[in-house]
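Here the structure is a predicted model, which is why all the values come from computation and not from measurement.
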Amino acid sequence: MNFSCNLTKKKIALSFVTLLITIFTLAEKIEAQAAPAAPTTESTQTTEAPAETPAPVAEAPAEAPQQESEIGLVKLFVTGGWSMWPLLLSSIVGFGVILERMYFFFTAKLIRKGYNQDLQDAIDASGMNGIEEFLKANEGQKITDVLKNGMEVSQNDPEIFAAGIEREAGEVMTLLEKGLTVLSAVSTIAPLVGFLGTVSGMINAFDAIANADQVNAKVVAGGIKEALITTAAGLIVAIPAMTFYQYLQGRVAFFTSEVEEAANKIYKEYLKLKAGKRA
């Protein structure tokens, strides 16, 4: 085993030495072909001159695109100008509101699926007693708290029950809609700030044209770039804010409609009870 390993090492070393000899031999042949047999002073000067001049020309274009291609978020933020600061503040506020509201809606027990259908089945089975048993079996949900508090102050009067439900639902709606006004403001103001930055960038572009002796693309590129960056930044902040605002507003509207439907079912039972049709 050791003999085979030593033999393999010797073969590798021999191959490596052979490869080095071949490389040096080829390099000598290439140098011999490239060098003239008897160079004169004039030929030496002519050969050295073109060798020195293209060197800096070749290096300059290689470095320029590499520097221009390095575009990061910080550079874009600085290029966008003053309007990027209020957009950054708006994005932080909007993102905070979105996180807080999403956490609230996913953790709060508002209403389970099929709530109103089960409530109707309980009413059909036992009337007002069925409603009370149903509410006891579904404690811990916001809609149950609203209905239960409304029934406690109703005194078996449908109008008092309706007023109590309206008051209790209003308190829950205030809790559900918390922060949505801020989110709506962010989605509305962010594009306007971006457009204001666009106008500022175009003013800078035309000011550069007015002060330049010769107009070219580089003169107006800075102002136009600032205008486009602020427009894009305003839309980037506004689109998520508007999307989540519509989603959360839909959740609030759904809960409101479910409370109204459940309250109407109980309201009808109070009317029947008041008319003496149901004991």
Side-chain angles (χ1 to χ4, degrees), residues 71-119 138-150 165-202 225-264:
I71 298 176
L73 293 177
V74 177
K75 185 176 181 181
L76 289 175
F77 184 87
V78 174
T79 306
W82 63 268
S83 60
M84 298 297 289
W85 289 104
L87 289 176
L88 177 62
L89 179 61
S90 300
S91 65
I92 294 173
V93 173
F95 187 68
V97 173
I98 290 171
L99 288 181
E100 190 273 332
R101 288 289 87 191
M102 293 297 291
Y103 176 78
F104 172 80
F105 277 99
F106 279 110
T107 55
K109 296 179 180 180
L110 299 179
I111 181 173
R112 64 173 176 83
K113 187 177 181 181
Y115 185 94
N116 281 324
Q117 183 59 47
D118 294 340
L119 175 61
N138 290 272
E139 290 181 352
Q141 301 184 49
K142 291 292 183 182
I143 186 172
T144 301
D145 295 338
V146 173
L147 297 176
K148 194 173 181 180
N149 293 333
I165 288 293
E166 184 177 356
R167 179 179 58 82
E168 295 294 332
E171 293 179 0
V172 177
M173 290 301 107
T174 302
L175 181 63
L176 296 181
E177 293 177 348
K178 180 182 178 181
L180 295 186
T181 304
V182 177
L183 202 59
S184 176
V186 170
S187 64
T188 304
I189 295 173
L192 298 179
V193 176
F195 292 148
L196 183 60
T198 302
V199 174
S200 176
M202 296 306 297
K225 188 176 182 180
E226 176 185 347
L228 295 177
I229 289 173
T230 54
T231 303
L235 295 177
I236 289 172
V237 175
I239 290 174
M242 178 60 70
T243 302
F244 281 98
Y245 172 78
Q246 295 294 336
Y247 169 74
L248 297 174
Q249 193 68 36
R251 293 286 299 269
V252 174
F254 173 76
F255 180 79
T256 304
S257 64
E258 292 294 312
V259 170
E260 290 178 355
E261 183 180 351
N264 287 332

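Every residue was checked against the side chain to side chain contact (heavy atoms under 4.5 Å, CB included) condition with Ala253, not counting sequence neighbours, and none meets it. Evaluation of the ring pair (Phe, Tyr, Trp, His ring centres under 6.0 Å) rule for Tyr115 yields Phe134 as partners, not counting sequence neighbours. Applying the side-chain hydrogen bond (donor to acceptor under 3.5 Å, both in side chains) criterion to Glu258, with sequence neighbours excluded, gives Asn116. Taking the salt bridge (charged side-chain N to carboxylate O under 4.0 Å, His left out) definition, one finds that Arg251 meets it with nothing, sequence neighbours left out. Every residue meeting the side chain to side chain contact (heavy atoms under 4.5 Å, CB included) condition with Ile239, not counting sequence neighbours, appears here in chain and number order: Leu235, Thr243. Scored by the ring pair (Phe, Tyr, Trp, His ring centres under 6.0 Å) test, Trp82 finds no partners at all (sequence neighbours excluded). Not counting sequence neighbours, the partners of Lys148 by the side-chain hydrogen bond (donor to acceptor under 3.5 Å, both in side chains) test are Glu139. Residues satisfying the salt bridge (charged side-chain N to carboxylate O under 4.0 Å, His left out) test with Asp118, not counting sequence neighbours, are Arg112.
Nearest approach of Ala227 to Thr198, heavy atoms of both residues: O-OG1, 3.2 Å. When all heavy atoms of Lys109 and Gly140 are compared, the closest pair comes out as CB-O, 3.7 Å. Across Ile236 and Pro240, no two heavy atoms sit closer than the pair O-CD, 2.8 Å.
Side chain to side chain, Ser83 and Thr230 fail the donor-acceptor criterion of an N or O pair below 3.5 Å.
A 4.5 Å side-chain heavy-atom check between Met102 and Leu248 finds at least one atom pair inside the cut-off. The side-chain heavy atoms of Phe255 and Val172, taken from C-beta on, include a pair separated by under 4.5 Å.
Annotation: the span from Ile165 atom CD1 to Asn149 atom CG amounts to 8.0 Å, rounded to 0.5 Å. Interatomic distance, CD of Gln249 versus OG1 of Thr256, reported as 8.5 Å (0.5 Å rounding). Residue Ile92 holds its CD1 atom at 11.5 Å from CG of Leu87, rounded to the nearest 0.5 Å.
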Before you tell me yes or no, could you show the steps for Phe244 and Val97 under side chain to side chain contact (heavy atoms under 4.5 Å, CB included), namely the whole-Å CA-CA distance, both residues' side-chain angles and the distance that decides it to 0.1 Å? CA-CA 10 Å; Phe244 281 98; Val97 173; over 6 Å; no

Please determine whether side chain to side chain contact (heavy atoms under 4.5 Å, CB included) holds for the pair Phe105 and Leu110, giving the CA-CA distance in whole Å, both sets of side-chain angles, and the decisive distance to 0.1 Å. CA-CA 8 Å; Phe105 277 99; Leu110 299 179; 3.8 Å; yes

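Within the structure, every pair that satisfies the salt bridge (Lys or Arg N to Asp or Glu O under 4.0 Å) test and touches residues 167-176, not counting sequence neighbours, is listed here: Arg167-Glu171. Each side chain to side chain donor-acceptor pair (under 3.5 Å) pair with one or both residues in residues 88-103, not counting sequence neighbours, would appear here, but there are none.
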Donor-acceptor list for residues 173-197 side chains, cut-off 3.5 Å, not counting sequence neighbours:
unit_1 : atom_1 : unit_2 : atom_2 : d
Thr174 : OG1    : Gly170 : O      : 2.9
Ser187 : OG     : Leu183 : O      : 3.4
Ser187 : OG     : Ser184 : O      : 2.7
Thr188 : OG1    : Ser184 : O      : 2.9

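By the neighbour-count criterion of 12 heavy atoms within 6.0 Å, atom CZ of Phe95 is sparsely surrounded, having that number or fewer from other residues, nucleotides or ligands.
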